[in-house]
Amino acid sequence: DARAEGESGASGAEAAAAARARAPAFRGRERRAPLRAAWASVEAGDSTPLREVLAKVRPGSGDEMYCLLYSGLLAEAEGDGDAARDFVVRAASSPYARSGDYMGALAINHARLRGWADDRE
């Protein structure tokens, strides 16, 4: 049961460590660079792998939207609300999120549920 900081009483670092402990071990080969980077970031407790992939993806692509979404979710789990909002809103407002992709819909709904309406909409 993942909760935002404040709801559980845990700090961002404690919540992230607890989430890392519950995360299934990544096994096998994952062909999608954003998901490989997300797993590496979760396992390391460091968003560097996601930032590196994000710097290389084509703007407006599905890979960009996934990197932004995963970066936002990781930042939120770590208690960095400002970064979480920035990444999730960017993911939700991307062309790919509006293409009908189910993870794009997740980004849009997550931003709405958090009250992070995008001023660009």
Side-chain angles (χ1 to χ4, degrees):
D1 168 359
R3 297 177 184 197
E5 183 177 1
E7 292 177 45
S8 68
S11 72
E14 291 168 337
R20 242 186 317 285
R22 288 191 310 267
F26 182 69
R27 301 284 184 254
R29 299 190 63 169
E30 173 56 55
R31 64 178 180 76
R32 298 166 291 183
L35 190 53
R36 279 194 319 268
W39 276 110
S41 292
V42 167
E43 289 174 349
D46 177 2
S47 62
T48 299
L50 271 168
R51 286 195 314 265
E52 289 173 351
V53 172
L54 183 58
K56 296 175 185 174
V57 297
R58 184 174 46 83
S61 68
D63 283 352
E64 180 191 49
M65 193 282 305
Y66 276 77
C67 283
L68 290 168
L69 175 60
Y70 295 148
S71 294
L73 296 174
L74 183 60
E76 189 171 13
E78 292 173 342
D80 187 347
D82 291 338
R85 179 181 180 153
D86 177 63
F87 284 124
V88 171
V89 168
R90 287 171 56 201
S93 63
S94 73
Y96 189 83
R98 307 214 178 266
S99 72
D101 179 80
Y102 72 99
M103 290 297 284
L106 182 141
I108 292 166
N109 286 318
H110 191 77
R112 285 182 183 151
L113 287 171
R114 289 287 186 244
W116 298 338
D118 182 6
D119 296 334
R120 295 171 286 188
E121 289 187 286

ask   = Can you check whether Met103 reaches Tyr96 side chain to side chain, under 4.5 Å on heavy atoms?
value = no
Separation between NE2 (His110) and CD1 (Ile108), nearest 0.5 Å, reads 13.0 Å
Quick note, ring-ring contact (aromatic ring centres under 6.0 Å, His included) partners involving residues 74-94, not counting sequence neighbours, are none
Residues passing the side-chain contact (heavy atoms from CB on, under 4.5 Å) test with Val53, sequence neighbours excluded, are Ala33, Ala37, Val57, Cys67
- Query: Is there side-chain contact between Asn109 and Arg112, with at least one heavy-atom pair below 4.5 Å?
  - Reply: yes
Residues at least two apart in sequence or cross-chain that pass side-chain contact (heavy atoms from CB on, under 4.5 Å) with Ala107, listed by chain then number, are Met65, Leu69, Ala91, Ala92
Is it possible for you to say whether Leu73 and Tyr102 belong to one hydrophobic cluster, with membership spreading through side-chain heavy-atom contacts below 4.5 Å? yes
Residues pairing under side-chain hydrogen bond (donor to acceptor under 3.5 Å, both in side chains) where one sits in residues 55-73, two or more places apart or in two chains, turn out to be Tyr66-Asp101
